[in-house]
Q: 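Following this message is one structure expressed as C-alpha cells.
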2 protein chains.
Amino acid sequence: MTTKSKRDLLIAAARTKFYHQGVARTTLADIAQEAQIPLGNVYYHFRTKEALLEAVIEAHVERLQTRFAQCDREVADPRERLLTLIRWEREGESSMARYGCPHGSLAQEIDKEEDTKLVDQAAGMLQSYLEWTEKQFRQLGKDEQEAKDLSIDMICWFQGTFLLAASFRSPELMDRKLQRMEEWIRSL
Amino acid sequence: MTTKSKRDLLIAAARTKFYHQGVARTTLADIAQEAQIPLGNVYYHFRTKEALLEAVIEAHVERLQTRFAQCDREVADPRERLLTLIRWEREGESSMARYGCPHGSLAQEIDKEEDTKLVDQAAGMLQSYLEWTEKQFRQLGKDEQEAKDLSIDMICWFQGTFLLAASFRSPELMDRKLQRMEEWIRSL
DNA sequence: GTCTATAAATTGATAGAC
DNA sequence: GTCTATCAATTTATAGAC
C-alpha cells in the first residue's frame, strides 16, 4: 500500500482524466503527465489506449465490489445499507455535480462504441449497483420481481440525478433529490 | 419543407452522427459524408466544429419546444400529456436502448467540457423537459415545490432509464420501466 | 456557392539508446 | 525497466480554382 506500482499509478491517473475530460478527449500525454511518467513509458505497461481503458473499468468494478462487500460486513440492516449507499454518493457531491457519475458517464460514453467487449465491461459497473441493491430489497422482504423493479427505480434515479446535477452544475439539485431518495427508502 | 437548405442538412447529419458516435469521436469528414457534401464545404456553413455543435443543440431545443407546444395544443388533460411524453420516448425505444437519450447523452458529454456557453446550452435541453413537466404537474393541482420535485423525479427516471437501457442494450428494461412510470403518473 | 487539394496541428504508437 | 526522439495516421481548418 505504501508503494504503488507504476501500473496502478497509471490506472489511477487515467481514471481521473477519463472522468474529468471523457475518454475520447483525453490523450495519453494527459495521462502520462497526470501520473508523472514519460509518455513513451505508458506503452511499457499498456499496449494501447483501449487496454488502459479496460484496466480502468476493471478497477472501477473491483472498487465497487469491495465497497459493497465492506458495507455488507459493517452494516447489518438492509435498509441502513441502502441509506449508506446514498450517503456515499453524497460524499462525492461536489465532483458529481460537476462531472457526473464516474461510472454512469463512462458507460454512456462507451455506449457509443462498437466494441462489444468494452460495452459489456462498462455495463458490469452498473450491474454491480443493480445486483447489490436488489439483494438489499430482497432482504427487506420484497419478492423477486419487486426487488428487481425497485433496484432499477433506485439506480435510474441515481444516474438521472447525477446527469442533471452535472448538466446544471447544481449540487443543490443533487442534495435535494438524494434527501428525497432517503425518505423513499425509509417508506418502503 | 420540400427543399432543405444545406445548412439544415448538415445540422441533421451532425445530430445523427453526434448521437451515434459521440461528439469527440465524430469527425467533420463523417458528417460531410452523412450529408453527402464535400468536406471543405462544411466550413462555408460553419466556422468550426464547435459552431456546428452549437447549431445542433439549438436545433434540439427548438424541436423539443415545438413538440411540447404541439402536445399542449392537441392534448387537453395534463395527466394525458405526461403519458404522451412517455409514449413518445417509447417510440424511439430501439435507438434509445442502443445509443441512450439524444439529449441526455449529449449533455453528459458536454459536461466534461470547460466551455461554459456549451454547458449552459446543453443544460437548456434538459431544462425544457423539466419546465414542461413541472407545468403539467402544477396543472394537476400540485403545489409549486411538489411540482418541481415531481418533474425532477420524472426526468431523472427518464435519463437513468435510457442510460441503463443503452448500457445493457436492453429494450426490455426500458419497456418495463416506462410502463411502471405510466402507472406512477396515473397514481399521482 | 461549390469543390479539390493541402496545410497545420494533434495524437496514438514505435524505435532504440541507456 | 526507463526515457527521448520521432514516425505515421488522423483531423481540423484553409487556400484557391471554378
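Chain letters run A, B, ... following the sequence lines, proteins first, then strands; residues in each count from 1.
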Q: For residues A/Lys49 and A/Thr27, is any side-chain donor paired with an opposing acceptor at under 3.5 Å?
A: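 On atom types as modelled, these side chains do not qualify, holding no pair under 3.5 Å.
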Q: Can you measure B/Arg25 atom CZ to D/dT10 atom C1' for me and round it to whole angstrom units?
A: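 Computing the B/Arg25:CZ to D/dT10:C1' distance gives 13 Å.
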Q: Round to a whole Å and report the spacing from CG of B/Leu28 to P of D/dT14.
A: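 Going from CG in B/Leu28 over to P in D/dT14 covers 11 Å.
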Q: Looking only at the side chain of B/Tyr44 (C-beta and beyond, no hydrogens), which of the listed nucleotides C/dT4, C/dT2, D/dT12 gets closest?
A: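 Output: C/dT2.
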Q: Mind checking if B/Ile37 touches a base, just sugar-phosphate, or nothing, with heavy atoms under 4.0 Å?
A: nothing
Q: How close or far is atom C1' of C/dG1 from atom CG of B/Leu9, stated in whole angstroms?
A: 15 Å
Q: Under 4.0 Å from OP1 or OP2 of D/dT2: is there any side-chain N or O of A/Lys6 that close?
A: yes
Q: Please check if atom CD in A/Gln139 has more than 12 non-hydrogen atoms from other residues, nucleotides or ligands closer than 6.0 Å.
A: yes
Q: Of the nucleotides D/dC3, D/dA13, C/dT4, which one has an atom closest to the side chain of B/Pro38?
A: C/dT4
Q: Measure from the side chain of A/Lys49, starting at C-beta and using heavy atoms only, and say which of D/dA13, C/dT2, C/dG12 lies closest.
A: C/dG12
Q: Begin with the C-alpha distance, continue with both residues' side-chain angles, and end with the deciding distance and a verdict on salt bridge (Lys or Arg N to Asp or Glu O under 4.0 Å) for A/Lys142 and A/Asp149.
A: CA-CA 10 Å; A/Lys142 309 296 179 185; A/Asp149 285 336; over 6 Å; no
Q: Send over the distance from B/Arg7 CZ to C/dG1 C1', rounded to a whole Å.
A: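 In whole Å, C/dG1 C1' lies 16 Å from B/Arg7 CZ.
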Q: What is the separation between atom CG on B/Asn41 and atom C1' on D/dG16, rounded to the nearest whole Å?
A: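 Spelled out: CG on B/Asn41 to C1' on D/dG16 is 14 Å.
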Q: Measure NE2/A/His45 against C1'/D/dC3 and give the value in whole Å, please.
A: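 Distance check: A/His45 NE2 to D/dC3 C1' gives 12 Å.
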Q: Between B/Asp30 (CG) and D/dT10 (P), how many Å, whole number?
A: 12 Å
Q: Mind checking the CD-CZ spacing from B/Gln136 to B/Arg79? Nearest 0.5 Å is all I need.
A: 11.5 Å
Q: Roughly, in whole Å, what's the span from OH in B/Tyr43 to P in C/dA7?
A: 16 Å
